[in-house]
Amino acid sequence: MALSLPLIPAKTLTATTTITQFPENPKTLNLKQCKTIKELNQIHAHLIKTRLLHNPRIAQTLLESAAIVLPEPMNYAISIFDKLEEPDSSDYNIMIRGFTSKQSANEALILFKEMCERSVQPDEFTFPCILKACSRVHGLKEGMQIHGHVMKSGFGSNGLVQNTLIHLYGNCGEIGVARHVFDAMSERNVITWNSMIAGYTRSGCWEEVVELFRNMIEMDVGFDVVTLVCVLTACGRLADIDLGEWVDEYAEANGLKGNPTLVTSLVDMYAKCDRVETARRLFDQMPQKDVVAWSAMISGYSQANQGREALALFHKMRKTNVEPNEVTMVSVLSSCAVLGALETGEWVHSYIKKKRMKLTVNLGTALVDFYVKCGSLESGIEVFKKMPSRNVLSWTVLIQGLASNGQGKRAIEFFNLMLEENIKPNDVTFLGVLCACNHAGLFDEGRGFLVSMSRDFDIEPRIEHYGSMVDILGRAGLIEEAYQFIKNMPIEPNAVIWRTLLASCKIHKNVEIGEESLQNIVRLEPAHSGDYVLLSNIYASVGRWEDALRVKIQMKDTGVKKTLGCSLIELDGTIHEFFAEDNLHPHSEEIYNATEDMIKQIKLAGYVPNAAEARLDAEEDNKEAYVSYHSEKLAIAFGLIRTSPGTTIRISKNLRVCTDCHNVTKMVSKVFNREIVIRARNRFHHFKDGACSCMDYW
DNA sequence: TTAGGGTTAG
């Protein structure tokens, strides 16, 4: 190995400058007190000059300072190590630890190999050190070889070694093997338990984390902050607020709230347990917030569907000197995706480029997901192609994105490419594939995929897959067959399945099966307003006005509240929110005028308001007016007056698009020569030249 | 000299 000794010239070591600082007997030198490389240089030079470096103990202390105490690169330590006449196991241990702690675990492994070749026997500390190195680089294969070595060397029942083995296997996803080592141990300490719990945490086995924690308490093992951090993570994922609060109280009572990692875990737990305000309070109280704390709070908002708060917090973070990392950006992009905030997300994308952040699999996938969820398919595909590596999730978000945007055939092409690249699809991938078949009208293919997923890929279809199949049949107009399919399903149908059928009944005007569907839905899930609206619309569409009204009244009587329609449009990075008939917007009057204007113009081109739905939605006299001011119409009109001609208008809304709004948007796309993308509750609609990508089925 | 912890997309 190359020698690079940045020696201070001997002449600087004058009695007045340096030597006098040393104690008389250099053996008592505490080299670990060296704070800088310069100090170490001086001592090193002195030891060479006085020949004390030939003393192995002194040399080893120097080595330890260079390799472990100082944060310098390993070159210096290497130069000392290479000069050792006969390095023993403890010298090797120091070097292995140094490499591992300085992120060069591979070099640690090379050195261990060299140690074995030079017949230096590993001691009880060597194995924990080298196993930690394996763990760092997820070197399962190397770790297993060393495990074999451990057994041969007789350290198989050494507690330290076993703890590190648990950590290694847990860290490499071999949680079963980790548990095997754990179960075989005769004595376990807190670290043993924590290593096992940490492994379960890493593998997402949240129930096991809680179970082990309860065992720890029952068996009186004791626990510490590390245990609690893992338990809190599990509480968040399991939405176990009771245990989470218990941990919080324990931490409070035992003065652990000063530990930033623990508080970050509390923030995460509260946010995931739907207590975002509590999380924010804790977050605000943290005196020092690192990137993980910020990311946890941002992702808390993002997951609680509070995208605007997430973005606001991200902007606040940018004013501090804490640099966001890839993980932060994943949550920020997810918020943009949920909000449909294309401009903001595009800005985030350029920010990622400017900061030269690594396009990790997660970050790349989040970007693809963001673009396709904003209906910006080409950008999504471009990012996807540029990703240095992709996993099943990356493919799945792309397939789902293409499918929900009405590009079913293209989605299936990507699915085939995925198989060619030997990426194994999972259950969610198949949801995307079935969705693609649905939107592309690929009826036979859909049926084929449903069979294939269990036969060829060993994935049991879940209720969602059956639901997708019901949708495929319904779209094809095979209502009766869809009904029989539900009856013969191996799983008990839920409200979603019946709702899917109900929606098909609406399109194909099948009153009889529609009625039965609603009965089933009401039985399973009484308080869902959309179903009543759908049935009511079915009656209306076949002219059964009294029945339609009866359903409306029934809806009122049973206390089912209609969800308020809400549409969002982003202009110059600001998100504007509209509710049906609202006048909350500061430019309300202007927007209403624009909406009237828009309707007037499309009427000239032949638009006739949809009487059926208008009639039902209307309160008394102002029948037409009511539908005219559905939230997406207001948002589109606002988009028309605030963007330059030809610009694509992008809206996201919380409900399905109603028939009248769908007609209006088609007409607007033609009359005003605009592409309009509406992201609705269940799918995307791309309007262009008077037609929609959903082919009028949604 | 030795072992364990928090944030991320479908």
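A, B, ... follow the sequence lines: proteins, then strands. Residue 1 opens every chain.
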* Check: F430(A) and D427(A) side chains under 4.5 Å, non-hydrogen atoms ->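 Answer no - side chains too far apart.
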* pair K272(A)-L238(A): side-chain heavy atoms closer than 4.5 Å ->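 A side-chain contact is absent here, since even the closest heavy-atom pair is not under 4.5 Å.
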* Does F314(A) have any ring-ring contact (aromatic ring centres under 6.0 Å, His included) partners at least two apart in sequence or in another chain, and if so, which? ->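 For F314(A) the ring-ring contact (aromatic ring centres under 6.0 Å, His included) partners, ignoring immediate neighbours, are Y351(A).
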In terms of side-chain heavy atoms of [X], which of [options] is nearest?
| X | options | answer |
| --- | --- | --- |
| N391(A) | dG5(B), dA9(B), dG10(B) | dA9(B) |
| V226(A) | dG10(B), dT7(B), dG5(B) | dG5(B) |
| N93(A) | dT7(B), dT1(B), dG6(B) | dT1(B) |
| S295(A) | dG10(B), dT8(B), dT7(B) | dT7(B) |
| V397(A) | dG10(B), dA3(B), dG5(B) | dG10(B) |
| H167(A) | dA9(B), dT7(B), dG5(B) | dG5(B) |
| N189(A) | dG10(B), dA3(B), dT8(B) | dA3(B) |

What's [X] touching, base or sugar-phosphate or nothing? Going by heavy atoms closer than 4.0 Å.
| X | result |
| --- | --- |
| R136(A) | nothing |
| K272(A) | sugar-phosphate |
| S265(A) | sugar-phosphate |
| I94(A) | nothing |
| D369(A) | sugar-phosphate |
| V225(A) | base |
| N171(A) | nothing |
| V428(A) | base |

Quickly work out the [X] [atom1] to [N] [atom2] distance and round it to whole Å.
| X | N | atom1 | atom2 | value |
| --- | --- | --- | --- | --- |
| L333(A) | dT7(B) | CG | C1' | 15 Å |
| F283(A) | dG6(B) | CZ | C1' | 14 Å |
| F370(A) | dG10(B) | CZ | P | 14 Å |
| N362(A) | dA9(B) | CG | P | 8 Å |
| F125(A) | dT1(B) | CZ | C1' | 6 Å |
| K289(A) | dG6(B) | NZ | P | 21 Å |
| N158(A) | dA3(B) | CG | C1' | 10 Å |
| L62(A) | dT1(B) | CG | P | 16 Å |

OP1 or OP2 of [N] versus the side-chain N and O atoms of [X]: is any pair under 4.0 Å?
| X | N | answer |
| --- | --- | --- |
| T233(A) | dG6(B) | no |
| Q303(A) | dT8(B) | yes |
| K373(A) | dG10(B) | yes |
| R97(A) | dA3(B) | no |

* Ion pair present between K386(A) and E382(A), side-chain N to carboxylate O less than 4.0 angstrom? ->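 Yes, charged N to carboxylate O under 4.0 Å.
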* **Sidechain N-carboxylate O distance under 4.0 Å for E323(A), K355(A)** =>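 Judged by the 4.0 Å cut-off on N to carboxylate O distance, E323(A) and K355(A) do form a salt bridge.
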Looking at the base of [N], is there any donor atom on it, or on the side chain of [X], that sits under 3.5 Å from an acceptor on the other one?
| X | N | value |
| --- | --- | --- |
| D224(A) | dG5(B) | no |
| T264(A) | dG6(B) | yes |
| N163(A) | dA3(B) | yes |

* With sequence neighbours excluded, tell me which residues meet side chain to side chain donor-acceptor pair (under 3.5 Å) with S468(A). =>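 Partners of S468(A) under the side chain to side chain donor-acceptor pair (under 3.5 Å) test: none.
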* To do: Give me the ring orientation class for Y250(A) and F223(A): parallel if the planes are under 30° apart, tilted from 30 to 60°, perpendicular past 60°.
  =>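 Y250(A) vs F223(A) ring planes: tilted.
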